[in-house]
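Following: one structure in structure tokens, then a few remarks.
Hydrogens, waters and symmetry mates play no part in the numbers below; they use all other heavy atoms, side chains included.
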Amino acid sequence: MTNPNSDCPVCPDAMKPGSPNRRRNTSLLIQRELSDGRTSNIIIDAGKFFYESAMNWFPKYGVRTMDALVITHAHADAVGGFDDLRDWTNNAQETLPIYLRETDLDSVESLFYYLVDRSKQTGGGGVAKLNFETIDANPFDVDALTFTPLPVEHGKNQECFGFRFGPVSYISDASGISEETAKLIEGSDLLVLDALRPARTHGTHFTVEQAIEQARRFGIKRNLLVDATHDIDHVPVNHELSKLKEIENLDIQYAHDGMSIEVDL
Ligand SMILES: [Zn+2]
Ligand SMILES: [Zn+2]
């Protein structure tokens, strides 16, 4: 965007308000009404742009408080926004449960030592009051919704979690899916899948071509792609992808920030 000689059509478009090419870090809000009438807001991942995303979408979707945060892995695009959680725990709610793996808690502790060990805080501003709940590959319940972890490869020798809840399988960061995890995904109605950019070696994320292959492998009714770089021009790329629906009945499209989908949980 600062290169006068750039001919990228996507970046200047991303500057326009409301452009689907304007992408913050991948994240999901699961909003549902509980049997006692209360609305539950569970968020997956709070990355570097969490604050900006929250300002954009929380008022629109009536989110005042967060009931829990579920973390896929400890990269900056999934946990980089932890410091900003103070604006919730210090103003809107008492505390916030965060579900994450032990190894991710270790990484979070080295990034934000004062958030994990609150005795180490030195400033007077008050830091976020977070309750860390460690998870492993076993299913766990949040607000009576069962999350089944989907361990996936995210680069060589690195594992990341996706999550299955109800008919939804959410995999924001992946470069490979084992047969074991594939069995947990089977029978989903909606697959959210990492698709960084068109084929070019990457190694830690699926390319668009690989994501299409995965979608074919599972044969799920609806597939939404996330985590795109500026190589993906939202509208024309989705137009191309829509041809797969006509040719082989494969419903696969890039998602966009603020997108809302109704599912039966
Ligand atoms: Zn660009
Ligand atoms: Zn990552």
> When you look at Arg22 and Glu52, which way does the salt bridge (Lys or Arg N to Asp or Glu O under 4.0 Å) test go after all the steps?
Replying inline: CA-CA 12 Å; Arg22 183 165 183 85; Glu52 190 191 336; 3.0 Å; yes

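- Under the 4.5 Å side-chain contact rule for hydrophobic residues, Ile71 and Val142 do not share a cluster.
- Using a 4.5 Å heavy-atom threshold, the side chains of Leu34 and Thr39 count as separate.
- Asn21 and Asp233 are linked by a side-chain donor-acceptor pair at a separation below 3.5 angstrom, with hydrogens and angles left out of the test.
- Note on Arg38 versus Asp67: salt bridge recorded, some NZ/NE/NH1/NH2 to OD/OE distance being below 4.0 Å.
- Annotation for Cys11 and His230: closest pair SG-ND1, 3.3 Å, computed over non-hydrogen atoms.
- Taking a cutoff of 4.0 Å between a charged side-chain nitrogen and a carboxylate oxygen, Lys129 and Glu94 do not qualify as a salt bridge.
- For Ser6 against Cys8, the heavy-atom pair with the smallest separation is OG-N, 3.1 Å.
- Under a 4.0 Å N-O distance rule, the pair Arg216/Glu213 qualifies as a salt bridge.
- Using a 4.5 Å heavy-atom cutoff, the side chains of Val263 and Asp189 are not in contact.
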>> For a side-chain contact (heavy atoms from CB on, under 4.5 Å) check, start with the C-alpha distance between Arg222 and Ile261, then their side-chain angles and the critical distance, and finish with the verdict.
In response: CA-CA 11 Å; Arg222 188 174 182 190; Ile261 298 164; 3.8 Å; yes

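- Between Cys160 and Asp173, the closest heavy-atom pair is SG-O, 3.5 Å.
- Asn91 places a side-chain N or O within 3.5 Å of a backbone atom of Asp87 that can act as its donor or acceptor partner.
- To the nearest 0.5 Å, the span separating CD1 on Ile220 from CG on Leu193 amounts to 9.0 Å.
- Panel note: side chain Ser27, backbone Ile44; a donor-acceptor pair is recorded below 3.5 Å.
- The main-chain N or O of Thr229 is found under 3.5 Å from a side-chain atom of Arg23 such that the two form a donor-acceptor pair.
- Minimum interatomic distance between Pro198 and Ile232 (heavy atoms only, all atoms of both residues): CD-CD1, 3.7 Å.
- One hydrophobic cluster holds both Ile42 and Leu28 under the rule that ILVMFWY side chains link at heavy-atom gaps under 4.5 Å.
- The one candidate from Leu85, Leu130, Val79 that meets the side chain to side chain contact (heavy atoms under 4.5 Å, CB included) condition with Leu115 is Leu130.
- For the residue pair His75/His154, the side-chain donor-acceptor check at 3.5 Å is satisfied.
- Between the CG atom of Asp45 and the OG atom of Ser53 there is a distance of 11.5 Å, given to the nearest 0.5 Å.
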>> One pair to check against side-chain hydrogen bond (donor to acceptor under 3.5 Å, both in side chains): Lys60 and Asn56. What are the steps and the verdict?
In response: CA-CA 7 Å; Lys60 183 166 180 232; Asn56 227 271; over 6 Å; no

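- Annotation: side chain of Leu250 is in contact with side chain of Ile212 (closest heavy-atom distance under 4.5 Å).
- The main-chain N or O of Pro151 is found under 3.5 Å from a side-chain atom of Thr181 such that the two form a donor-acceptor pair.
- Salt bridge annotation for Glu186-Arg217: absent, with no cationic side-chain nitrogen under 4.0 angstrom from a carboxylate oxygen.
- Between Gln214 and Phe206, some side-chain heavy-atom pair lies under the 4.5 Å cut-off.
- In Lys221, the NZ atom is not crowded: 12 or fewer heavy atoms of neighbouring residues, nucleotides or ligands sit closer than 6.0 Å.
- Of the inter-residue distances, the one linking Met66 atom CE with Thr89 atom OG1 reads 8.5 Å to the nearest 0.5 angstrom.
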> Between Glu153 and Ser175, does a side-chain hydrogen bond (donor to acceptor under 3.5 Å, both in side chains) hold up when you go through it step by step?
Replying inline: CA-CA 5 Å; Glu153 178 195 283; Ser175 53; 2.9 Å; yes

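- To the nearest 0.5 Å, the span separating CG on Asp194 from OG1 on Thr26 amounts to 7.5 Å.
- With respect to the salt-bridge test (charged N to carboxylate O, under 4.0 angstrom), the residues Glu180 and Lys183 do not qualify.
- Atoms CG and CG, on Leu224 and Asn238 in that order, are 9.0 Å from each other to the nearest 0.5 Å.
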>> side-chain contact (heavy atoms from CB on, under 4.5 Å), that's the test. Do Thr148 and Phe163 meet it? Break it down for me.
In response: CA-CA 6 Å; Thr148 301; Phe163 296 101; over 6 Å; no

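- Every pair passing ring pair (Phe, Tyr, Trp, His ring centres under 6.0 Å) that includes a residue from residues 82-105 is listed here, sequence neighbours excluded: Phe50-Trp88, Phe58-Trp88, Tyr99-Phe140.
- Remark: side-chain polar atoms of Tyr254 are paired, donor with acceptor, to backbone N or O of Ala195 under 3.5 angstrom.
- For the side chain to side chain donor-acceptor pair (under 3.5 Å) test, no residue two or more places apart in sequence or in another chain qualifies with Lys156.
- Counting non-hydrogen atoms of neighbouring residues, nucleotides and ligands closer than 6.0 angstrom, the CE atom of Met15 reaches no more than 12 such neighbours.
- Taking the side chain as every heavy atom from C-beta outward, Leu29 and Val63 approach each other to under 4.5 Å.
- A donor-acceptor contact shorter than 3.5 Å links the side chain of Ser107 to the backbone of Thr103.
- Of the possible polar contacts, none joining the Ser188 side chain to the Leu190 backbone as a donor-acceptor pair under 3.5 Å is found.
- When all heavy atoms are compared, the tightest approach of His234 to Ala255 is CE1-O, 3.4 Å.
- When atom types are taken as modelled, the side chain of Gln210 and the backbone of Thr207 share a donor-acceptor pair closer than 3.5 angstrom.
- A donor-acceptor distance shorter than 3.5 angstrom exists from the side chain of Arg32 to the backbone of Asp143, with no hydrogens or angles considered.
- No side-chain N or O of Tyr61 forms a donor-acceptor pair with one of Asn41 less than 3.5 Å apart.
- Atom CG of Asp141 sits in a crowded spot, with more than 12 heavy atoms from other residues, nucleotides or ligands closer than 6.0 Å.
- Side chain of Asn223 to main chain of Ala215: no donor-acceptor pair is present (N/O by atom type, distance under 3.5 Å, no hydrogens or angles).
- Within the 4.5 Å cutoff, side-chain heavy atoms of Arg24 are placed close to those of Trp57.
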>> Working note: Val70 + Ile43, criterion side-chain contact (heavy atoms from CB on, under 4.5 Å); need CA distance, chi angles, decisive distance, verdict.
In response: CA-CA 6 Å; Val70 178; Ile43 312 269; over 6 Å; no

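- Going from atom CG of Asp104 over to atom CD1 of Ile98 covers 11.5 Å, rounded to the nearest 0.5 Å.
- Between Phe165 and Phe147, the distance separating the two ring centers is shorter than 6.0 angstrom.
- Side-chain atoms of Asp13 and Ser19 form a donor-acceptor pair, as typed in the model, at a separation below 3.5 Å.
- Counting heavy atoms from C-beta outward, Leu196 and Val208 have side chains that stay 4.5 Å or more apart.
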>> Please determine whether side-chain contact (heavy atoms from CB on, under 4.5 Å) holds for the pair Leu100 and Phe132, giving the CA-CA distance in whole Å, both sets of side-chain angles, and the decisive distance to 0.1 Å.
In response: CA-CA 7 Å; Leu100 76 182; Phe132 294 100; 3.8 Å; yes

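- A 4.5 Å side-chain heavy-atom check between Leu225 and Ile252 finds at least one atom pair inside the cut-off.
- Counting heavy-atom neighbours within 6.0 Å of Asp36 CG, excluding the residue itself, gives a total above 12.
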